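Let me begin by presenting the structure, written as structure tokens, before commenting on it.
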Amino acid sequence: MNVFGVDIGGSGIKGAPVDLEHGALTEERHKVLTPQPATPDGVAGCVVEVVEHFGWTGPVGVTFPGVVTGSTIRTAANVDPSWIDVDAGTLLSDRLGGLPVTVLNDADAAGIAEMTYGAGRGRKGTVIMLTLGTGIGSALFVDGRLVPNTELGHLELKGHDAETRASTKAKEDEDLTWEHWATRRVQKYLAHVEMLFSPELFIIGGGVSRKADKFLPLIEDIRAEIVPAELQNNAGIVGAGMAARR
């Protein structure tokens with residue numbers, strides 16, 4: 001069965017049809033830049049562009065980088081704050097000509113995909129997926145069950161939101177070396193999360209997961225197993241597609 005997923009990020013909006021039997025994209029994903037400012041109207045227009053690129057006419061799953069309850073946006077740290085209290089499901093469905101739209105947190109979607117098809121498949125106990133990108137998204141699972149909207153990227157680290165210190169954007173903005181970023185930023189963040197939740201497994205996702213060999217081997221003194229996401233930066237699209245099926 002094929003479904004459609006769209007992943008809204010702070011820097012890019014990407015989507016593609018998804019094969020739910022294999023947890024894979026059936027066509028090369030289409031990506032557009034996130035508009036600045038990333039207002040509801042501007043982002044909705046980009047979602048329409050991505051969906052119409054494929055001529056899709058069925059249900060659509062959409063991720064959002066913030067807390068989502070039902071289909072209403074509750075936080076919007078990496079997009080325009082005018083998203084707060086917007087019913088994103090209704091907005092996007094209206095813009096897509098009435099297509100059914102399901103909206104969920106972006107890291108939750110990526111985590112669901114990894115737990116079903118990827119690095120977390122069959123794992124019990126506490127598993128935490130962290131997506132490192134413009135910010136840091138998180139998905140927390142206990143014996144395979146999702147605890148939604150954890151947003152652990154906003155934990156305090158040295159007096160700041162952790163994502164302002166340990167995200168991929170922080171690495172790029174501060175021109176940090178892989179070693180500095182891995183050992184002084186990501187490792188400290190993982191140690192903090194581990195202290196709070198004692199997971200058996202960390203799954204590291206986001207676009208930087210494609211370069212896991214450059215930084216994961218540098219991280220030490222973490223008891224949990226640490227692995228890169230197998231679906232890499234397509235996990236959010238796959239998870240959004242899974243949500244569209246429900």
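Just so we're clear, the structure is a prediction, and the values are computed from it rather than from any experiment.
The heavy-atom pair separating Gly135 from Asn78 by the smallest distance is CA-ND2, 3.9 Å. Minimum heavy-atom separation, Leu96 to Val101: CD1-CG2, 3.9 Å. The minimum heavy-atom distance linking Asn233 with Ser209 is given by the pair N-OG, 4.2 Å. The nearest pair of heavy atoms linking Thr164 to Glu174 is O-OE2, 4.1 Å. In terms of heavy atoms, Ile13 sits closest to Val50 at O-CG2, 3.9 Å. When all heavy atoms are compared, the tightest approach of Thr116 to Ile112 is OG1-O, 2.8 Å.
Other residues, nucleotides and ligands place no more than 12 heavy atoms under 6.0 Å from the CG atom of Leu33.
When atom types are taken as modelled, the side chain of Asp87 and the backbone of Thr72 share no donor-acceptor pair closer than 3.5 angstrom. Put simply, the side chain of Asn149 gets close to the backbone of Val68: a donor and an acceptor are under 3.5 Å apart. Side chain of Thr26 to backbone of Asp19: no donor-acceptor contact under 3.5 angstrom is found. A donor-acceptor pair is defined here as one N or O able to donate and one able to accept, closer than 3.5 Å; such a pair exists between the side chain of Trp181 and the backbone of Ala166. Under a 3.5 Å cut-off, the side chain of Asp80 and the backbone N or O of Pro40 do not form any donor-acceptor pair. In terms of modelled atom types and a separation under 3.5 Å, the side chain of Thr131 and the main chain of Gly205 share no donor-acceptor contact. When atom types are taken as modelled, the side chain of Thr34 and the backbone of Gly9 share a donor-acceptor pair closer than 3.5 angstrom.
Both Val43 and Val86 belong to a single network of hydrophobic side chains, linked directly or stepwise wherever heavy atoms of I, L, V, M, F, W or Y lie under 4.5 Å apart. Put simply, Val67 and Val62 are part of two different groups of oily side chains (I, L, V, M, F, W, Y) that touch within less than 4.5 Å, one to the next. No path of Ile, Leu, Val, Met, Phe, Trp and Tyr side chains, each step under 4.5 Å between heavy atoms, connects Leu99 with Ile237, placing them in separate hydrophobic clusters. Side-chain heavy atoms closer than 4.5 Å link hydrophobic residues (I, L, V, M, F, W, Y) into clusters, and following such links, even through other members, never connects Met115 to Val142. Linking ILVMFWY side-chain heavy atoms closer than 4.5 Å, directly or via other members, places Ile136 and Phe202 in a single hydrophobic cluster.
Of the options Glu225, Glu200, Glu114, a salt bridge (Lys or Arg N to Asp or Glu O under 4.0 Å) to Arg123 is made by Glu225 and by none of the others. Applying side chain to side chain contact (heavy atoms under 4.5 Å, CB included) to Val238 and the options Leu20, Asp7, Val18 leaves one that passes, Val18.
Ionic pairing of Glu151 and Arg74 is not present here: no N-O contact between side-chain nitrogen and carboxylate oxygen is shorter than 4.0 angstrom.
Ring geometry for Phe54 against His30 counts as perpendicular: the plane angle is over 60°, on a 0 to 90° scale with 30° as the lower cut.
To the nearest 0.5 Å, atoms CG (Asn234) and CG (Leu25) are separated by 4.0 Å. Between the NZ atom of Lys158 and the NE2 atom of His192 there is a distance of 11.5 Å, given to the nearest 0.5 Å. For the atom pair Arg165 CZ and Leu176 CG, the distance stands at 9.0 Å (nearest 0.5 Å). Atom OG1 in Thr75 sits 10.5 Å away from atom CG in Asp85 (nearest 0.5 Å). How far CD1 of Ile73 is from CG of Asn105: 9.0 Å, rounded to the nearest 0.5 Å. Of the inter-residue distances, the one linking Leu92 atom CG with Ile8 atom CD1 reads 6.0 Å to the nearest 0.5 angstrom.
Donor-acceptor pairing under 3.5 Å is lacking for the side chains of Ser82 and Thr39.
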